[in-house]
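A short write-up of the structure that comes next.
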Amino acid sequence: MQAAILEGGFGDAPIDAARAFRQIMTATAQPGTINKVAGAQPPKPLSIAAGVVLLTMCDPETPVFLTPAFDTDDVRAWITFHTSAPITTAKNAAFAVGAWDDLPLHDFSIGTSEFPDRSATLIVETAHLSTTGATLCGPGIKDMATLSLPDVAAFQNNALLFPLGLDFIFTCQSELAALPRTTKVS
Amino acid sequence: MSDYNFAYLDEQTKRMIRRAILKGLAIPGYQVPFASREMPMPYGWGTGGVQVSAAVLTPEDTFKVIDQGADDTTNAVSIRRFFEKTADVAVTEATGEASVIQTRHRIPEQDLREDQILVYQVPIPEPLRFLEPSEVETRKMHALEEYGLMHVKLYEDISQHGAIATSYAYPVKVEGRYVMDPSPIPKFDNPKLNMAGIQLFGAGREQRIYAVPPYTDVVSLDFEDYPFEASKADHACDLCGSTDSYLDELIVDDAGGRMFMCSDTDYCCSRRKAGHIGAQGVPYAEDAA
Amino acid sequence: MYVAVKGGEKAIDNAHAWLAEERRGDTSVAELSVAQIREQLALAVNRVMAEGSLYDPDLAALAIKQSRGDLIEAIFLIRAYRTTLPRFGGSESVDTEKMACDRRVSATFKDAPGGQVLGPTFDYTHRLLDFKLAADGEAPQVQTADTPTGETPHIMSFLDRENLIQDEPAGPETPDDLTRAPLELPASRALRLQSLTRGDEGFILGMAYSTQRGYARNHAFVAELRIGAVPVEMDIPELGFAVDIGEVTLTECETVNQFQGSKTEPPQFTRGYGLVFGMTERKAISMALVDRALRWKELGEDNVGAPAQDEEFVLYHADNIQATGFLEHIKLPHYVDFQSELELIRKLRREAQAMQEAAE
């Protein structure tokens, strides 16, 4: 177990993180696009993409919440060793990792009217990610886009909170897509 | 310089900036506070833009820096060199070849694509600052979407001068929610804020990052009876003959003689290369100087 | 015919070369060493360390040499270097009671345990140019006394025993860090003090002076001013205890301020606090006065609208690196914006003229 924890981080952190961030940023700026990332080999059940997002975005300043299925000793140890991010409750989390059905959506911070940025980003692990499914429109989308989403109503409700709300990154193997709070889903 | 980390900043600082960029993209026009670092160039000289560029650049990028639309202005040269040294990126003056463009005071004339990123240097990110000096108060005003003061100011301009007396850093409303300062670009550039590229704004001294994703609705504030008007000098470029680009005015002799030329040097140069010649221009040749 | 002006790259290179030459000055005059600056311009070094927020006399001296003696430029060099350093951890709070005092004076008591120690002060020198120094800078031999050992109690602690001085609530275990998080208002006292201690000496001095002249006057007495070296300890988790990692020279000033009492507080003395790297007593006293002025809210005093009471005004304008950068940036080209102002003024004038003509 120890070896698995020490491994699987970025080989060349400044470069790997820069490349990964470009993909994550592009995904956020262009909801409905699917972007490929590389560089992490996290312990199961974390996907490569979720591992990359954690390595790229998290550090001691970002508490991370794990749903029970992801809250294993290996995952905890891997996140702690590679990012030093504290593992926390949903309420205090800056980032969260889990399958859609297990994420306690109402417990996360949606920010405040003066600081709407103080809201959680949820990394949603999915078995399937494709550009078919729900219709998206809003900032970052030329006319409309489509994306396989695990729900519709939840994202519609989230968008109604704007400028407050949660932001989502969907991860599947080594691919990711993002859905910020501004996207209108139908 | 090679003793420093890739793109100068340490990884934790870059992560902090990257998190601010993502929240900025998720809340277009909202100013995300970030713990700006001291950079090896002065505050007010593009440290915000430099920090944002440092957080987004990858080794594969081709980087362009403009100041006043020109690649050869001294501060643009200084910033371009900084990233050549610290991030080992390729650099270009051609707008179409750049993947990341850092700018001060202009948006390039050539339309940007979806795979391009425009990073703005911002001196005062708060559009309400000159109406209300207190940060505590302006933050409340944004929270409550209380923008009456701004409209009053613009309206007073009209009643006093017959027109809105703001010619640059002209305020916009983003996605129907936040009033935003587009940085001190001339209002001629405001319509270009609706673009395919990703726009990131960095204010180092004021510790704010904000963003406008592609195809986001950006509207210049105006009134029905006094609609916004993007204006420029009523001339053609004397070098390339362009009639639709933003022009600089040069004083060329002691008698006050003047000429006009594109502020976007790459745009002007490309047009001249393509054979366009303005009233005082010469056919394109590799300029000696 | 006109050929566009180019040459920014070359101009920069030439400017840098010229600057290097000017920095060195006349080569027939011996070059200054960093050690000479460190030893003989120690108060400049102290200011650079204090406002640069980095305790390293050699680096500060190097920065002064590189900046040709422009201290704000030197502070800037130190700040820019400082941000590239990795952070290994935080030290324990320094205990100024343990300070080996080179100087320690109280204005509120004629004498007190520990005594009054003038130390190496300019205070009672007559400010007459010493032309002997121009020819010969050798210092006379001075008698040295035994360094006092043991702790020197704070004067404030004597007032504390009588409950005459306001109790300070303990701060959080780990205070906010101005260099790691964006300043948010209202700021905690820890953040205010951090901002003041690295703030521009001239700005803090001016603010403090304004309180003395009646803009939020707070009747400060210097209860104690002490300067000396204190040990710095760091907790090493692997060892399970704290170890000495060095010492720093600090200037600490505590003021005792008259206070009539307010709706929330009984009549008592209150305090202002200044703590600055190095021998920097003008700055430490100024800091204590401004700290006290900024505390009006927590003490239930009136806001009389004085600049030194305005936390936002003081904290946002105290930093000389931010200020000088923004001030000096207006010499960068702004011709694009100026052009749009030109167009606007011409348009407004045309319209005004047309209206006038129509009226005539």
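So that the names make sense, note that chain A is the first sequence line, chain B the second, and so on, each numbered from 1.
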Go through the atoms of [X] and report whether side chain, backbone, both or neither lie under 4.5 Å from a heavy atom of chain A.
| X | value |
| --- | --- |
| Ala87(B) | neither |
| Gln12(B) | both |
| Val136(B) | neither |
| Ile27(B) | both |
| Leu200(B) | side chain |
| Leu22(B) | both |

Are side-chain heavy atoms of [X] and [Y] found at a separation under 4.5 Å?
| X | Y | result |
| --- | --- | --- |
| Tyr30(B) | Pro116(A) | yes |
| Pro59(B) | Ile15(A) | yes |
| Tyr215(B) | Ile141(A) | no |
| Ile24(A) | Arg18(B) | no |
| Glu11(B) | Pro14(A) | yes |

Verdict with reasoning, Asp167(A) to Lys23(B), per salt bridge (charged side-chain N to carboxylate O under 4.0 Å, His left out): CA-CA 8 Å; Asp167(A) 303 305; Lys23(B) 286 301 172 191; 2.7 Å; yes
Closest non-hydrogen atom pair between Pro33(B) and Asp117(A), with its separation: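 Between these two residues, the closest heavy atoms are CD-OD2, 3.7 Å.
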Smallest separation among heavy atoms of Ala29(A) and Pro213(B), with atom names: O-CB, 3.8 Å
Verdict with supporting geometry, Phe6(B) and Asp12(A), side chain to side chain contact (heavy atoms under 4.5 Å, CB included): CA-CA 10 Å; Phe6(B) 172 74; Asp12(A) 183 353; over 6 Å; no
Segment of [X] engaging chain B (4.5 angstrom heavy-atom cut-off):
| X | answer |
| --- | --- |
| Phe162(A) | side chain |
| Glu114(A) | both |
| Leu166(A) | neither |
| Arg19(A) | both |
| Thr112(A) | neither |

Top contributor to chain A contacts, counting heavy-atom pairs under 4.5 Å, from [options]:
| options | value |
| --- | --- |
| Asp61(B), Leu9(B), Val32(B) | Asp61(B) |
| Glu60(B), Met16(B), Lys140(B) | Glu60(B) |
| Val174(B), Asp217(B), Ile117(B) | Ile117(B) |
| His142(B), Glu114(B), Lys14(B) | Glu114(B) |

Asp59(A), Thr62(A), Thr56(A) screened by side chain to side chain donor-acceptor pair (under 3.5 Å) with Arg15(B), the one that passes: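 Between Arg15(B) and the candidates, side chain to side chain donor-acceptor pair (under 3.5 Å) is satisfied uniquely by Asp59(A).
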I need the [X] [atom1] to [Y] [atom2] distance, nearest 0.5 Å.
| X | Y | atom1 | atom2 | value |
| --- | --- | --- | --- | --- |
| Ser113(A) | Arg139(B) | OG | CZ | 10.0 Å |
| Thr58(B) | Asp16(A) | OG1 | CG | 11.5 Å |
| Met25(A) | Ile198(B) | CE | CD1 | 4.5 Å |

Neighbour count >12 (heavy atoms, 6.0 Å) for atom CG, Asp115(B):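 Enclosed.
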Derivation and outcome, side chain to side chain contact (heavy atoms under 4.5 Å, CB included), residues Thr182(A) and Arg177(B): CA-CA 11 Å; Thr182(A) 47; Arg177(B) 177 59 179 82; over 6 Å; no
